[in-house]
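Right, one structure below, let's go through it.
Owing to the predicted nature of the structure, the values given are computational and were not obtained by experimental measurement. Atoms within a ligand are numbered from 1 in the order they appear, just like the ligands themselves.
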Amino acid sequence: MRQIYMDHSATTPIDQEVFECMIPYLTDRFGNPSSIFYSAGQTARQAVEKAREQVASLLNALPDEVVFTSGGTEADNLAIVGYAMANRHKGNHIITSSIEHHAVYDTCKYLSNYGFEVTFLPVDGNGIVEPETLKTALKPNTTLVSIMHANNEIGTVEPIKELASITHEAGAAFHCDAVQTVGRIPVDVVDLGVDMLSASSHKLYGPKGVGCLYVRTGITMQKLLHGGGQEKKRRAGTENVPGIVGFGKAAELAQQRMDETGKRLRELGERLAQGLLQAIPYSRLTGHPVKRIPGHVSLCFEFVEGESILLMLDQVGVMASSGSACTSGSLEPSHVLLALGLPHEIAHGSLRLTLGKGNSEEDVDHVLNVLPPIVERLRQMSPLNNTRR
Ligand code: PLP
């Protein structure tokens, strides 16, 4: 059976070119980049520094401003805990949004157990953090604001430039979780005006278990991991050389291909979303209709469970998700969909189809053919269907 992968917001397949350039660092070029007194170590060091330049170029950052981590989660933790702790003498108030990924949301909650006050900003019905809402939440003791660039469940892209500028006017620092956007849409740290920004390699056709935190020159923060002096004393631990090399290559390829891929995915996503909304009654798009990640199609269907749709889609070879991969498995509707103001019963019927560079017109046609009858069949079996008007 043909397999169609439409869950690129959860992860992406590794690019063949990326994979090939990692192989030598998993085999003969095994040196430790800190062992700079012999050539194997120097080779590894050069590879890490080349990757730092590739990632910095994608973000329009300086290479020294890129701190490699084990992924997006660690980058978020490092930004929030590292900055909040180092700047505690200036204040103990942190602001974030009510739709953040758990890597940010739970980290802020964690800090609230240690004397920090956290404000979770509400969003509008499309998932936008309104600049006015942020303005009224900022206080003299606010040290940090953390708002995601685009949401992983609903694809909404936030007005980061405006939010960062409001934050700076109030004298606080701005962190942005850009795990869903780096490599997919332009992310320019200078233009956005952010102080810290998280990225993850496996969302841009790179390997898993590697990511980075951009830390603007002059930003003071504490480290989370204690040990060696790697990453200019900002992140201890021997570098994941093959992973970092792969991340660097993935960043370079993303930079070259972004315009073309983005345009194609936006068109494919639009066709998929409109086709499904027309074919399936009692369906709605979640997230902003226009300000969204290209190829991100998130929907809610009334009178069905998202998980049941996923199981039936899997039987016809389509891989998708309901809410985010991290919340799947729990029966609670996602905090993101609830924050949009959707009632529980509608939030339960959520489906996320996220397209990637491997998807074709035929894949979209296939989903347009198989999904409407699946929803119809599930509705016929559903006790919730009694409420159907
Ligand atoms: N932030 C967002 C918005 C994400 O979507 C994810 C992963 O899905 C993460 C953070 C965590 O990144 P990682 O899987 O690299 O730890």
Side-chain angles (χ1 to χ4, degrees), residues 5-14 18 55 59 66-81 96-110 120 123 127 129 146-158 160 163 175-185 187 192 194 196-214 224-225 235 237 240 243-244 246-247 250-251 254 286-288 292-296 298 319-330 334-337 339 350 352-356:
Y5 183 74
M6 286 201 181
D7 202 12
H8 292 83
S9 282
T11 195
T12 54
I14 195 159
V18 169
V55 172
L59 302 177
V66 172
V67 180
F68 287 119
T69 64
S70 64
T73 301
E74 188 191 326
D76 286 341
N77 275 262
L78 176 59
I80 295 165
V81 178
T96 187
S97 85
S98 49
I99 61 164
E100 294 300 312
H101 187 275
H102 285 290
V104 167
Y105 197 94
D106 292 7
T107 304
C108 291
K109 264 193 172 167
Y110 163 81
F120 292 92
V123 292
V129 177
S146 177
I147 309 285
M148 68 201 320
H149 195 189
N151 183 271
N152 45 302
E153 291 187 40
I154 56 172
T156 298
V157 179
E158 301 293 344
I160 295 301
L163 297 170
H175 165 249
C176 179
D177 174 345
V179 167
Q180 287 294 337
T181 51
V182 169
R184 291 189 177 148
I185 60 174
V187 175
L192 291 174
V194 296
M196 291 170 283
L197 182 136
S198 308
S200 179
S201 152
H202 74 104
K203 310 287 184 181
L204 50 136
Y205 307 94
K208 293 172 182 56
V210 57
C212 75
L213 181 68
Y214 155 77
L224 290 188
L225 301 182
R235 199 273 184 184
N240 168 7
I244 289 171
F247 183 21
T286 54
H288 197 280
R292 54 193 301 130
I293 308 169
H296 186 116
S298 47
M319 290 168 264
S321 78
S322 167
S324 75
C326 318
T327 50
S328 301
S330 110
S334 98
H335 67 289
V336 175
L337 298 175
S350 74
R352 181 183 76 171
L353 297 155
T354 46
L355 307 180

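With sequence neighbours left out, the ring pair (Phe, Tyr, Trp, His ring centres under 6.0 Å) criterion links H296 to no other residue. Contacts of Y105 classified as ring pair (Phe, Tyr, Trp, His ring centres under 6.0 Å), with partners at least two apart in sequence or in another chain: F120, H335.
Side-chain contact between M196 and L213 is present, with at least one heavy-atom pair separated by less than 4.5 Å. Taking 4.5 Å as the limit, every side-chain heavy atom of E100 sits out of range of all side-chain heavy atoms of D76. Between E153 and L337 the shortest side-chain heavy-atom distance falls below 4.5 Å.
Which parts of ligand 1 touch M148 is read off a 4.0 Å heavy-atom cut-off, strictly below it: atoms 3 (C). Residue G71 has at least one heavy-atom neighbour below 4.0 Å for each of these atoms of ligand 1: 15 (O). The distance from ligand 1 to the heavy atoms of N152 drops below 4.0 Å at these ligand atoms: 3 (C), 5 (O). Listed by number with element, the atoms of ligand 1 under 4.0 Å from a non-hydrogen atom of D76 are 1 (N), 10 (C). When each atom of ligand 1 is checked for a heavy atom of D177 under 4.0 Å away, the hits are 1 (N), 2 (C), 3 (C), 10 (C). Counting atoms of ligand 1 from 1 in the listed order, those under 4.0 Å from a heavy atom of T73 are 11 (C), 12 (O), 13 (P), 16 (O). Close approach of ligand 1 to S200 (heavy-atom distance below 4.0 Å) involves ligand atoms 13 (P), 15 (O).
Judged by the shortest distance from any of its heavy atoms, H202 lies inside the 4.0 Å radius around the atoms of ligand 1. At a 4.0 Å cut-off, not a single heavy atom of E100 sits close enough to ligand 1 to count as contact.
Judged by distance alone, the side chains of T354 and H8 never bring a donor and an acceptor atom under 3.5 Å apart.
Using a 4.0 Å cut-off between heavy atoms, K208 makes no contact with ligand 1 at all. The side chain of K203, and not its backbone, has at least one atom closer than 4.0 Å to an atom of ligand 1 (non-hydrogen atoms only; side chain from C-beta on). Neither the backbone nor the side chain of V104 has a heavy atom within less than 4.0 Å of ligand 1.
The distance criterion of under 3.5 Å between nitrogen or oxygen atoms is not met by A150 with respect to ligand 1. Distances between N or O atoms of S9 and those of ligand 1 include no value under 3.5 Å.
Note that the OH atom of Y205 and the CZ atom of R184 stand 6.5 Å from one another [nearest 0.5 Å]. To the nearest 0.5 Å, atom NE2 of residue H202 and atom OG1 of residue T11 are 5.0 Å apart.
Exactly one of S321, S322, S298 qualifies for a side-chain hydrogen bond (donor to acceptor under 3.5 Å, both in side chains) with R352. That residue is S321.
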